[in-house]
Amino acid sequence: SKFNATSVVKVANKQDTMASGFGSNGGPGRCYAFWDQFSECLKTADTPMTCKLAHEDYLECLHHKKEIARINIILKEAKRHDDIASGKAPAKAAAH
């Protein structure tokens, strides 16, 4: 999803309803440090957009979308290499 000031404000307004911050084993939750960083940024920011990177870090910790996308690219490329090695697919022409 696209980042915008409205999404930051919506997340910031949920601060009072944020989970306790404790993980399933009693320690801090895995993303609590990112939430805390984002929350502190919002407290001192002139505009919510100032906290864009902290917001992205927090969402990545929760959902791993960038990590999953990168893994999928790596797996696709590995499959392409395997297909080329086994003769199932032609090699891509070199870019000029």
Side-chain angles (χ1 to χ4, degrees):
S1 67
K2 291 186 178 179
F3 178 85
N4 59 46
T6 304
S7 66
V8 173
V9 172
K10 285 180 183 177
V11 172
N13 288 339
K14 291 183 181 183
Q15 183 174 3
D16 295 333
T17 61
M18 176 67 184
S20 66
F22 291 102
S24 59
N25 295 324
R30 68 161 203 239
C31 298
Y32 184 73
F34 291 103
W35 169 257
D36 197 40
Q37 179 185 15
F38 176 52
S39 179
E40 289 300 316
C41 179
L42 287 174
K43 288 178 187 176
T44 60
D46 292 331
T47 67
M49 290 301 291
T50 306
C51 302
K52 178 180 179 180
L53 294 177
H55 180 254
E56 287 178 6
D57 288 345
Y58 175 61
L59 291 180
E60 178 60 22
C61 181
L62 289 175
H63 305 293
H64 305 287
K65 288 184 177 187
K66 291 178 184 178
E67 178 184 9
I68 291 167
R70 180 68 179 142
I71 289 169
N72 285 335
I73 290 169
I74 292 168
L75 292 174
K76 184 177 178 181
E77 185 65 14
K79 183 181 180 325
R80 187 181 74 81
H81 280 272
D82 289 345
D83 288 349
I84 291 169
S86 66
K88 291 181 183 177
K92 287 185 178 178
H96 294 276

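For this chain, numbers begin at 1 and follow the sequence in order. Note that this is a predicted model, so its numbers are computed, not measured.
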If you measure from [atom1] on [X] to [atom2] on [Y], what distance do you get to the nearest 0.5 Å?
X   : Y   : atom1 : atom2 : value
H63 : C31 : NE2   : SG    : 8.5 Å
E40 : K43 : CD    : NZ    : 4.0 Å
E60 : E67 : CD    : CD    : 6.5 Å
D36 : C41 : CG    : SG    : 11.5 Å

* To do: Treat each ILVMFWY residue as a node, draw an edge where side-chain heavy atoms are under 4.5 Å apart, and state whether L62 and L42 are in one component.
  =>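 Yes, because L62 and L42 connect within a single hydrophobic cluster, where side-chain heavy atoms sit under 4.5 Å apart.
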
* **Check: R80 side chain, L75 main-chain N or O, donor-acceptor pair, under 3.5 Å** =>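 No.
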
* Asked: Would a distance-only check, ignoring hydrogens and angles, find a side-chain to backbone donor-acceptor pair under 3.5 Å from S39 to W35?
  ->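 Not confirmed, S39 side chain does not pair with W35 backbone.
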
* Would you call the rings of Y58 and F38 parallel, tilted or perpendicular, where under 30° means parallel and over 60° means perpendicular? ->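 Judged by the thresholds at 30° and 60°, the geometry between Y58 and F38 is parallel.
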
* H81: side-chain contact (heavy atoms from CB on, under 4.5 Å) partners, not counting sequence neighbours ->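 If we apply the side-chain contact (heavy atoms from CB on, under 4.5 Å) test to H81, skipping adjacent residues, the hits are E77.
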
* **Greater than 12 external heavy atoms within 6.0 Å of N25's CG** =>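 At most 12 heavy atoms, drawn from other residues, nucleotides or ligands, come within 6.0 Å of this atom.
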
* Verdict with reasoning, I74 to I71, per side-chain contact (heavy atoms from CB on, under 4.5 Å) -> CA-CA 5 Å; I74 292 168; I71 289 169; 5.5 Å; no

